[in-house]
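These notes concern the structure reproduced below.
Since the model is a prediction, treat every value here as computed from it, not as a measurement. As a basis for the values below, the full set of heavy atoms in this structure was taken, side chains included, without hydrogen atoms, waters or symmetry mates. Reminder, nothing fancy here: chain letters follow the sequence lines and each chain counts from 1.
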2 protein chains.
Amino acid sequence: MSQLLSLRDRKRAETWAALHLSASGTALDKGLECVTVDAVAADAGVSPRTFFNYFASKEDAVLGLQEPFVDESMLAEFDVDGDLLASVSHLMHAVTRTIHGSADEDGNRCREVICRYPQLMHRRFQYIVKVEQLVTDAVAERLAQSSRWATAPAGNTVDDVAKMLVLVAGASLRFAIQKTTSHPTRESQSEALDQGMELMRNILKELL
Amino acid sequence: MSQLLSLRDRKRAETWAALHLSASGTALDKGLECVTVDAVAADAGVSPRTFFNYFASKEDAVLGLQEPFVDESMLAEFDVDGDLLASVSHLMHAVTRTIHGSADEDGNRCREVICRYPQLMHRRFQYIVKVEQLVTDAVAERLAQSSRWATAPAGNTVDDVAKMLVLVAGASLRFAIQKTTSHPTRESQSEALDQGMELMRNILKELL
DNA sequence: GTGTATTTTTGCAGTGACTGCAATAATGGT
DNA sequence: ACCATTATTGCAGTCACTGCAAAAATACAC
């Protein structure tokens, strides 16, 4: 039983990785303008048409983006009555990591590419928005069951609260992303996330 | 002296408006898939090639996006020692309004289009990021001159503080945008902004 | 006005992303 | 070995977008 995955799934994963590696590698070695669908497909040993069975766009291949999802295990450490901001922020971070094939080395490679070609950051933020939506739903569900948050302040719904919570917590995630991608060989993203969280707290304590 | 603008500039503004109107109008009337560069250009009475003298992309024409800028008059009401979050949030809102030709009617039209075609939201958020950068620079400059903020907490720079401030304040802007575009015929955006600000405060007071 | 410099428009020809479709091949299950 | 399902491929086509150089429009000085 050496096969946790079927032949099909294994091949699929291989092809995916080959395309992503070729795309990101070519971007770093020869420049983003040399990354064409035809070239990448040829490099990965598949037909150009097949490329689009794996990625919706050229950029997605370079960044190795996958559909984000929220997992049971991520929700496990989510505590409505504890440090909510931190909980939400870490949940977002966890979900964010699902959109990469993201071995750590691959994550660094992607950050380098984004640093060299900031246009790509847009696509990344696009995905953050998707993550926000996913997390917002999950958070709203938890809040609704909480005694403290089941009723929202003023004329707002629980969904509003969840949305806002995610947006605020998202600030520290964006902060971390911007920091780590502007200095690609810097500390890890989760460290930057905590640093951002700390900074946010300091500022907000001063302001409220 | 009926000409505040030269002939050239007037014609330019007219062509810009014609292209934008045609693009957004066609999107609403016949669907976004019918909005092609050729059709829009023909409708506005210019050559297809000229289209790209005015807009970098089809989406930009539909949304009527222009390069954002931060104006002296916007900075006038910015008070470093007052309600910083509100100040920053309003500054961002002001800058955001510069990216539309944005007569109010036009703003509503755009919101409708985005509501029908959520893919376009991405482009809008892309611009919000640009706005964030502009505002961050402006805010950082002001902070540096302030006695209270000139020295940042912990191992952070003034730029970090400005960045985080903009990201947090930006949360209420994003909140407002998402609210007003999901219910296009709702209250004005600045009302939604204030509501978001209020909600954020309530939540944060509870959390800190 | 006339002439000249500058800006804008335009046509052309090309590249490359992306799509739908229908045929073919590969895989999974029986 | 057979069939159902799914993946790959080629083809033909649409359309966004670009660089370049010619032509037209506008501004400006005289």
Side-chain angles (χ1 to χ4, degrees), chain A residues 1-20 22-24 26-27 30-67 113 117 119-120 122-123 126, chain B residues 1-20 22-24 26-27 30-67 113 117 119-120 122-123 126:
Chain A
M1 291 279 104
S2 71
Q3 36 186 1
L4 286 158
L5 273 48
S6 66
L7 207 203
R8 219 167 224 173
D9 291 343
R10 217 182 325 130
K11 279 191 133 182
R12 199 171 166 80
E14 277 170 19
T15 306
W16 188 95
L19 287 169
H20 169 45
S22 167
S24 57
T26 308
K30 305 181 193 167
L32 188 57
E33 62 282 359
C34 291
V35 180
T36 69
V37 170
D38 286 12
V40 170
D43 199 19
V46 294
S47 100
R49 189 64 185 81
T50 299
F51 175 93
F52 293 102
N53 286 345
Y54 289 84
F55 296 101
S57 75
K58 201 178 70 169
E59 282 92 7
D60 286 10
V62 173
L63 300 178
L65 295 183
Q66 295 176 156
E67 201 62 20
V113 180
Y117 304 98
Q119 327 117 275
L120 295 175
H122 300 143
R123 195 79 180 189
Q126 204 169 316
Chain B
M1 290 280 101
S2 69
Q3 38 186 358
L4 286 157
L5 272 51
S6 66
L7 206 202
R8 220 169 223 171
D9 290 342
R10 215 181 328 130
K11 280 192 131 183
R12 203 174 162 78
E14 276 168 21
T15 306
W16 187 95
L19 287 170
H20 169 44
S22 167
S24 56
T26 308
K30 306 181 191 166
L32 189 57
E33 62 280 359
C34 290
V35 180
T36 69
V37 171
D38 285 13
V40 170
D43 198 20
V46 294
S47 100
R49 188 64 185 80
T50 299
F51 175 93
F52 293 102
N53 287 346
Y54 288 84
F55 296 100
S57 75
K58 200 178 71 168
E59 282 92 7
D60 285 10
V62 173
L63 300 179
L65 296 182
Q66 295 177 157
E67 201 62 21
V113 180
Y117 304 98
Q119 326 118 275
L120 295 176
H122 301 141
R123 196 77 180 192
Q126 204 169 317

Where Ser24(A) and Val62(A) come nearest, the two heavy atoms and their spacing: CB-O, 3.5 Å

Students should find that the end-to-end axis angle of the helix from dG1(C)-dC30(D) to dT30(C)-dA1(D), with five pairs defining each axis and rounding to 10 degrees, is 30°

For the backbone of Lys11(A) and the side chain of Thr15(A), can you confirm whether one donor and one acceptor N or O come within less than 3.5 Å of each other? yes

Counting only N and O atoms by type, is there a donor-acceptor contact under 3.5 Å from the side chain of Ser22(B) to the main-chain atoms of Ala18(B)? no

Output all residues satisfying side chain to side chain contact (heavy atoms under 4.5 Å, CB included) with Ala61(A), sequence neighbours left out; order by chain, then residue number. Ala23(A), Phe51(A), Phe55(A)

Which sits closer to the 5' end of DNA chain D, Lys11(B) or Lys58(B), going by the nucleotide each is nearest to? Lys58(B)

Of Arg8(A) and Pro48(A), the one whose nearest nucleotide on DNA chain D sits closer to the 5' end is Arg8(A)

Tell me every residue that passes side-chain hydrogen bond (donor to acceptor under 3.5 Å, both in side chains) with Asp9(B), counting only those two or more places apart in sequence or in another chain. Ser6(B)

Residues passing the side-chain hydrogen bond (donor to acceptor under 3.5 Å, both in side chains) test with Glu67(B), sequence neighbours excluded, are Lys130(B)

Between [N] ([atom2]) and [X] ([atom1]): distance, integer Å:
X	N	atom1	atom2	value
Asn53(B)	dC20(D)	CG	P	15 Å
Phe51(A)	dT8(D)	CZ	P	13 Å
Arg12(B)	dA25(D)	CZ	P	17 Å

What salt bridge (Lys or Arg N to Asp or Glu O under 4.0 Å) pairs are there with at least one residue in residues 43-64 of chain B, not counting sequence neighbours? Asp60(B)-Arg123(B)

In terms of the nearest nucleotide of DNA chain C, which residue is placed more toward the 5' end: Glu33(A) or Arg49(A)? Glu33(A)

Taking only N and O in the side chain of Tyr54(A), is any of them less than 4.0 Å away from OP1 or OP2 of dA7(D)? no

Report the C-alpha distance between His20(B) and Tyr54(B) in whole Å, list the side-chain angles of each, state the deciding distance to 0.1 Å, and finish with yes or no for side-chain contact (heavy atoms from CB on, under 4.5 Å). CA-CA 10 Å; His20(B) 169 44; Tyr54(B) 288 84; over 6 Å; no

Looking at DNA chain D, which of residues 36-43 of chain B put a heavy atom within less than 4.0 Å of it? Thr36(B), Val37(B)

Mind checking which nucleotides bracket the chain B contacts on DNA chain C, 5' to 3', with an atom under 4.0 Å from a heavy atom? dT6(C) to dC12(C)

Side chains of residues 31-38 of chain B: which donor-acceptor partners sit under 3.5 Å, not counting sequence neighbours?
unit_1   : atom_1 : unit_2   : atom_2 : d
Thr36(B) : OG1    : Ala39(B) : N      : 3.1

